[in-house]
Amino acid sequence: MRNPFFRFKQFTVWHDRCAMKVGTDGVLLGAWVCLDNARNVLDIGTGSGLISLMVAQRCPAQVTGIDIDADAVGQAYENVSASPWSGRIRICKADVANWEEGKLYDTIVSNPPFFQEQVHCPDNQRNAARHTESLTFERLLDSAVRLMSEDGTFSVILPAEAGERFITLAAERHLYLLRRTYVHSKPSVPPKRVLMTFVRTIQACGTTHLVLEEEPRKYSSEYLSLVRDFYLNLG
């Protein structure tokens, strides 16, 4: 049976009522996203609240996490309430397409649904979390354009093979790639994921590669450096 919670160095995430559990993708995005100028952060599809909590640990910004799933929102609220940053994180049940607060965000992050299998699993909650029908790339990008400040950033993690299509869709909406990291599970294998940051102005884009394991059960120094402040037993 899957552990109902995941304990990090400074907070614990319960995820037994969430469709998508704590995983490497969310941790990577929460640790990778640049927060140098973050003041108001929006976490689209917050799920268990993992990325919102990681952002709050890393910077003093005000963080809002939204999700359409009531069970996930309830659990994220409990996780946030038990954390050291409950006063700076707000969790709301909302569809980002209808989200309006009268303010713009300088930092938007999302670990969106991206599986597009033709055959869905029978669990409707899990389908909503995993399949793009609940939040298409187009709807996600349209929402980011509407909610991002003029000098803001929008960061996502996606399957590597979806990256180029997402970049094209973003450019059609005048969002341009600023930073990209391809994530490889092991050396010399194709990337499985890509982390990307978009801005409103065309700038030189930096591309890097991150290898998770140098060999079986031996994490790379780059990966350890990225997640060391979060995972237990990493020093």
Side-chain angles (χ1 to χ4, degrees), residues 2-35 38-99 101 103 105-114 123-131 134-135 140 143-144 147-148 152-158 193 195 226-232:
R2 185 188 291 268
N3 197 323
F5 64 89
F6 198 102
R7 196 178 305 281
F8 293 88
K9 285 185 175 178
Q10 296 190 40
F11 60 90
T12 298
V13 176
W14 288 80
H15 56 189
D16 53 297
R17 303 201 308 273
C18 298
M20 296 305 287
K21 311 307 181 186
V22 170
T24 302
D25 287 0
V27 174
L28 282 171
L29 181 60
W32 178 89
V33 61
C34 180
L35 300 172
R39 299 174 302 279
N40 290 292
V41 179
L42 178 64
D43 175 16
I44 299 174
T46 191
S48 64
L50 168 65
I51 294 174
S52 291
L53 288 160
M54 293 181 70
V55 168
Q57 178 179 323
R58 291 181 54 203
C59 74
Q62 297 292 317
V63 183
T64 300
I66 64 174
D67 204 293
I68 61 172
D69 184 88
D71 288 335
V73 167
Q75 190 144 59
Y77 178 82
E78 293 170 5
N79 290 331
V80 166
S81 297
S83 79
W85 313 287
S86 58
R88 290 196 288 111
I89 306 175
R90 189 167 51 123
I91 301 295
C92 301
K93 183 181 183 299
D95 183 336
V96 68
N98 303 317
W99 181 250
E101 272 202 305
K103 71 175 181 180
Y105 299 88
D106 53 64
T107 306
I108 299 177
V109 295
S110 184
N111 175 16
F114 49 67
D123 186 330
N124 290 331
Q125 182 193 36
R126 188 169 176 82
N127 274 331
R130 295 185 61 182
H131 291 270
S134 61
L135 181 60
L140 177 59
S143 298
L147 296 168
M148 194 172 82
T153 64
F154 170 48
S155 298
V156 296
I157 184 167
L158 294 173
R193 298 285 184 265
L195 293 146
L226 186 65
V227 301
R228 192 180 304 278
D229 289 341
F230 300 100
Y231 282 134
L232 292 171

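From a predicted model like this one, the values you see are computed outputs, not experimental measurements. Atoms considered below: every heavy atom in the structure, side chains included; atoms not considered: hydrogens, waters and symmetry mates.
- Pairs passing the ring pair (Phe, Tyr, Trp, His ring centres under 6.0 Å) check and including a residue from residues 41-64, sequence neighbours excluded, do not occur.
- Listed by first and then second residue, the salt bridge (charged side-chain N to carboxylate O under 4.0 Å, His left out) pairs involving residues 22-31 are D25-R193 (not counting sequence neighbours).
- Using modelled atom types, one side-chain atom of K21 and one backbone atom of H15 make a donor-acceptor pair closer than 3.5 Å.
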Worked verdict on L140 versus F154 for side chain to side chain contact (heavy atoms under 4.5 Å, CB included): CA-CA 10 Å; L140 177 59; F154 170 48; 3.8 Å; yes
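- Under a 3.5 Å cut-off, the side chain of D106 and the backbone N or O of R39 do form a donor-acceptor pair.
- Scanning for side-chain hydrogen bond (donor to acceptor under 3.5 Å, both in side chains) contacts around T153 gives an empty result, with sequence neighbours left out.
- The backbone N or O of V13 lies less than 3.5 Å from no partner atom in the side chain of N79, so there is not a single donor-acceptor pair.
- Residues that satisfy the side-chain hydrogen bond (donor to acceptor under 3.5 Å, both in side chains) test with T12, not counting sequence neighbours, are R7.
- L195 has its side chain out of reach of S155: every pair of non-hydrogen atoms, C-beta onward, lies at least 4.5 Å apart.
- Judged as a ring pair (Phe, Tyr, Trp, His ring centres under 6.0 Å), and not counting sequence neighbours, W32 has no contacts.
- In this structure Y77 satisfies the ring pair (Phe, Tyr, Trp, His ring centres under 6.0 Å) test with no other residue, sequence neighbours excluded.
- Within the model, atoms OG of S143 and CG of L135 stand 7.0 Å from one another, a figure rounded to the nearest 0.5 Å.
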Output, in order, the C-alpha distance, side-chain angles, deciding distance and verdict of side chain to side chain contact (heavy atoms under 4.5 Å, CB included) for L42 and W99. CA-CA 11 Å; L42 178 64; W99 181 250; 4.2 Å; yes
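- Summarising the geometry, atom CG belonging to D43 is positioned 11.5 Å from atom SG belonging to C92; distances are rounded to the nearest 0.5 Å.
- Residues W14 and S48 are not in side-chain contact: their nearest non-hydrogen atoms beyond the backbone lie 4.5 Å or more apart.
- Residues forming a ring pair (Phe, Tyr, Trp, His ring centres under 6.0 Å) with F8 (at least two apart in sequence, or on another chain): F6, F11, Y231.
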Anything under 3.5 Å between a donor and an acceptor, one on a side chain of residues 53-68, the other on a protein residue two or more places apart or in another chain? List them.
unit_1: Q57; atom_1: NE2; unit_2: D229; atom_2: O; d: 3.0
unit_1: R58; atom_1: NH1; unit_2: G30; atom_2: O; d: 2.9
unit_1: R58; atom_1: NH1; unit_2: A31; atom_2: O; d: 3.3
unit_1: R58; atom_1: NH1; unit_2: V33; atom_2: O; d: 2.7
unit_1: R58; atom_1: NH2; unit_2: V33; atom_2: O; d: 2.9
unit_1: T64; atom_1: OG1; unit_2: R90; atom_2: NH2; d: 3.4
unit_1: D67; atom_1: OD1; unit_2: D69; atom_2: N; d: 3.0
unit_1: D67; atom_1: OD2; unit_2: T46; atom_2: N; d: 3.4
unit_1: D67; atom_1: OD2; unit_2: G47; atom_2: N; d: 2.8

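- Listed here is the closest heavy atom pair of I89 and S52: CD1-O, 3.8 Å.
- When all heavy atoms are compared, the tightest approach of S110 to L29 is O-CD2, 3.3 Å.
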Between L50 and N111, does the side chain to side chain contact (heavy atoms under 4.5 Å, CB included) criterion hold? Intermediate values first, please. CA-CA 10 Å; L50 168 65; N111 175 16; over 6 Å; no
